[in-house]
S.K.: 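My questions all concern the structure below.
Protein chains get the first letters and strands the later ones, always in sequence-line order, with residue 1 at the start of each. Computation of the quantities below employed the complete heavy-atom set of this structure, encompassing side-chain atoms and omitting hydrogens, waters and symmetry-equivalent molecules.
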2 protein chains.
Amino acid sequence: MDLRTATEIGKCLSNQTRMQIMEWLKEPAKNFPPHETLKHFNDGVCVTYIQEKAGLSQSTISTYLTNMEKCGLLISTRHGKWSYLKRNEEVIKRFTDFIS
Amino acid sequence: MDLRTATEIGKCLSNQTRMQIMEWLKEPAKNFPPHETLKHFNDGVCVTYIQEKAGLSQSTISTYLTNMEKCGLLISTRHGKWSYLKRNEEVIKRFTDFIS
DNA sequence: TTTACATATCGCAAATTATAGATATATTTG
DNA sequence: CAAATATATCTATAATTTGCGATATGTAAA
């Protein structure tokens, strides 16, 4: 991982809501209600659930999640009209290795 | 580590210069000239050397380093008129464990 | 093919952060 | 004690980020 990428990830982790989302996504089943259409959390959690739990506006959370995906922290998968977000453990590992 | 502390550390790592300082401090002898009075890097690197290498003003770097110490990322030790900064590996470990 | 729903993007005002110069404080040295 | 040096703090302005409402886009259902 290079300095620029690591700093972009640092920016995502410089806000309490975003840091909290990273924590919540460690245990989707514990932190979110079950998905009604998809019966699993294999691809993570849908944007709406994250937004409701965070308590910020839809546009704000959408922007957060988009940026977190752009820097590699999250992986986004679309199923129908829903987007699901999960942690990208490989990138997280590269980041923690970089700063350690 | 709690969410608030982790986010404070995230803020320190959200700026390229500060991230770079963390990297430089991994290998003081490789990245900085030897100290003329102190003959070692046991307590890290003096503020002046970090400031010169970063190329920002003395006040800016001093503020950076103070904040990095406050959130636990760095340990500051004074020897005479110089302050030396080194990485706080224990806190860094707690941070990487938190986000992993 | 409308309509409804889920998510993304745009544009803006408010809050926060970045950064520097001036100044203060601490420490050593003459 | 006075001067010199290293670092810290204060104040101010520029730049960035936050977070929202409005609007656009994508997708499925009626």
S.K.: Indicate for each nucleotide in nucleotides 19-30 of chain C, in 5' to 3' sequence, whether protein heavy atoms under 4.0 Å reach the base (B), only the sugar-phosphate (S), or nothing (-).
M.R.: BBBB----SS--
S.K.: Can you check the A:Glu52 CD to C:dC5 P distance for me, whole Å?
M.R.: 14 Å
S.K.: State, without any angle test, whether B:Ser57 and B:Thr60 hold a side-chain donor-acceptor pair at a distance under 3.5 Å.
M.R.: yes
S.K.: What is the separation between atom CD on A:Glu36 and atom P on D:dA28, rounded to the nearest whole Å?
M.R.: 17 Å
S.K.: Distance only, no hydrogens: is a donor on one side chain within 3.5 Å (strictly under) of an acceptor on the other, for B:Thr5 and B:Asp2?
M.R.: yes
S.K.: For the pair made of OH in B:Tyr84 and P in D:dA8, what is the distance, rounded to whole Å?
M.R.: 12 Å
S.K.: Residues in salt bridge (Lys or Arg N to Asp or Glu O under 4.0 Å) with A:Lys26, at least two apart?
M.R.: A:Glu23
S.K.: Just how far, in rounded Å, is P of D:dT17 from NZ of A:Lys70?
M.R.: 13 Å
S.K.: Rounded to whole Å, please give me the gap between CG in A:Leu65 and P in C:dT9.
M.R.: 12 Å
S.K.: Starting at atom CD of B:Glu69, determine the distance to atom C1' of D:dA8, rounded to an integer number of angstrom.
M.R.: 12 Å
S.K.: Is the backbone N or O of A:Ala6 less than 3.5 Å from a side-chain atom of A:Arg4, with the two atoms forming a donor-acceptor pair by type?
M.R.: no
S.K.: Using only atom types and a distance under 3.5 Å, with no angle test, would you say the side chain of B:Tyr49 pairs donor to acceptor with the backbone of B:Pro34?
M.R.: yes
S.K.: Whole Å only: how far is the CG atom of A:Leu13 from the P atom of D:dT18?
M.R.: 12 Å
S.K.: Quickly work out the A:Gln20 CD to D:dG19 P distance and round it to whole Å.
M.R.: 14 Å
S.K.: Do B:Ile92 and B:Met22 have side chains that get closer than 4.5 Å, going by heavy atoms?
M.R.: yes
